[in-house]
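Inspection log for the structure reproduced underneath, given as structure tokens.
Proteins get letters first, then strands, A, B, ... in listed order; numbering begins at 1 in each.
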Protein chains: 2
Amino acid sequence: MVYKLYYWDGIPGRGEFVRLALEEANAEYVDVARRPGGTAEMLKLMSDAGAGTIPFAPPFLIDGDLVIPHVANILFYLGPRLGLAPKDEGMRHVANGLQLTITDFVAEIHDTHHPVGVSLYYEEQKQEALKRSPGFLAERLPKFLGYFERILNQNPTGRQQVLGKVLSYVDLSLFHIVEGLRYAFPNAMRASEGRVPALIALHDAVAARPRIRSYLASDRRLSFNESDIFRNYPELDRQD
Amino acid sequence: MVYKLYYWDGIPGRGEFVRLALEEANAEYVDVARRPGGTAEMLKLMSDAGAGTIPFAPPFLIDGDLVIPHVANILFYLGPRLGLAPKDEGMRHVANGLQLTITDFVAEIHDTHHPVGVSLYYEEQKQEALKRSPGFLAERLPKFLGYFERILNQNPTGRQQVLGKVLSYVDLSLFHIVEGLRYAFPNAMRASEGRVPALIALHDAVAARPRIRSYLASDRRLSFNESDIFRNYPELDRQD
């Protein structure tokens, strides 16, 4: 079965959390919107008057007849199929809880440059962004990073991964969080990374995995840019 | 097995989506923080240095040894146990996708009064809230409400519920969304409800269910107030 991933072309975005899991598992998948006519196909699916399970927004995954939206939901579904989730059902909900905390973190990161509205440009809400970002960097960034550092340190089977003894999709997502934050807030991250050594070690270990390394070097991996969640606006970074 | 729900006392908040499911199923549960010493017990659990699966924030559910955070995750876990989720695994992910869209909607509703930062008071970000709210009411509110209206209308087995032929936890959550929006934005809702008749009919049908009616009349149901997600600030409502 070939998985079909639907997400906006041109940015890593929220789709990247799904791509990393598919790539690590060497799963067969199509990144639909990156093919000719793919974006039109995606938009048509989202306006299909006949289907009861149309998604509100990308990303969504199609597996046979099933249409599954939302990153955490897609990963919850794929996790056991790709060998990237705990075997125990209860622990899968623990993994999903961690992934949903990443979802919340991503939303707060996005809102540093979009505090007023998703349909306005950054330039139309720059003043409000300049008010929001310092609080995010001073309080929320260390709180979220520190939380995952603590989760890693408190894993009774080792701080190499967040859950149990083997890699899960949550670890892959944390890799992307560190990547994105380094792109968006290089000053703040330079000042923060020393306090979260286990998280940085996890990032480095994921980057060194053969399939991930190969993916990162391929043209399937899109570059960060200022249409994405993680945007490098120096005025929103820590001013040192 | 008695479920233990942990959520801030004094507001319906995000905990309410879980309470409605537990109440409709007549499940045995304790709303821990509403008991004497309960808030201290909740905060202690969240700072427990020994546990690997500490939640980032309330609400969380404890079932035996398992600690499950995040509303959608709790409901995904409870759904089959309470008879409030589809039997088919794939359809459970469809339900979870709808619930996660409700999660996003709730976050946007919250941010109408908190566009700049969670740790600031409303009064400290009122100007930004006055800028954000009109866009939310003009674009996002109709988009989300219209989406769920469409989901109801496109259910091949009937518009009485979002999925299949029986009530699910998603329906209960949509009831609370309508309740909360009516409290927070009465003008905007008066202008909107005519365009989403299936959603309003679903709200009314849930309100009339015997266990829900009994719950709403009990002191287990907390009132909306201005510490909650749904806040009645007339200046943020539609100005007619």
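- Listed options A:Asp65, A:Val116, A:Leu152, A:Ile74 were ranked by heavy-atom pairs under 4.5 angstrom with chain B; first place goes to A:Val116.
- For a residue to count as touching a neighbouring chain, one of its non-hydrogen atoms must lie under 4.5 Å from one of that chain's; by this rule B:Phe144 touches chain A with backbone and side chain alike.
- When each of B:Gly90, B:Gly64, B:Ala72 is checked for heavy-atom pairs under 4.5 Å with chain A, B:Gly90 comes out on top.
- The local environment of CZ in B:Arg81 is crowded, with over 12 non-hydrogen atoms from other residues, nucleotides or ligands closer than 6.0 Å.
- Using a 4.5 Å heavy-atom cutoff, the side chains of B:Ile151 and A:Ile54 are in contact.
- Residues A:Gly97 and B:Pro69 approach most closely at CA-CG, 3.9 Å, considering heavy atoms.
- Proximity to chain A is limited to the side chain of B:Leu66, based on heavy atoms less than 4.5 angstrom apart.
- Checked against the 6.0 Å centroid threshold, A:Phe76 and B:Phe76 count as a close aromatic pair.
- Sorted by first and then second residue, the side-chain hydrogen bond (donor to acceptor under 3.5 Å, both in side chains) pairs with a member in residues 129-148 of chain B read A:Ser119-B:Glu139, A:Glu128-B:Lys131, B:Glu108-B:Arg140; sequence neighbours excluded.
- Only the side chain of B:Asp111 comes within contact range of chain A, judged by heavy atoms closer than 4.5 Å.
- Ring pair A:Phe56/B:Phe105: centre-to-centre distance not below 6.0 Å.
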Q.
Walk me through whether B:Leu100 and A:Leu100 qualify under side-chain contact (heavy atoms from CB on, under 4.5 Å).
A. CA-CA 10 Å; B:Leu100 286 168; A:Leu100 287 168; 3.5 Å; yes

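- Contact annotation for B:Val118: only side-chain heavy atoms (C-beta onward) come within less than 4.5 Å of a heavy atom of chain A.
- Only the side chain of B:Glu89 comes within contact range of chain A, with heavy atoms under 4.5 Å apart.
- Side chain of A:Asn73 to main chain of B:His93: a donor-acceptor pair is present (N/O by atom type, distance under 3.5 Å, no hydrogens or angles).
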Q. Would A:Asn96 and B:His70 count as a side-chain contact (heavy atoms from CB on, under 4.5 Å) if you check the C-alpha gap in whole Å, the side-chain angles of each, and the deciding distance to 0.1 Å?
A. CA-CA 9 Å; A:Asn96 189 42; B:His70 289 279; over 6 Å; no

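- For B:Asp104, the part lying under 4.5 angstrom from a heavy atom of chain A is the side chain only.
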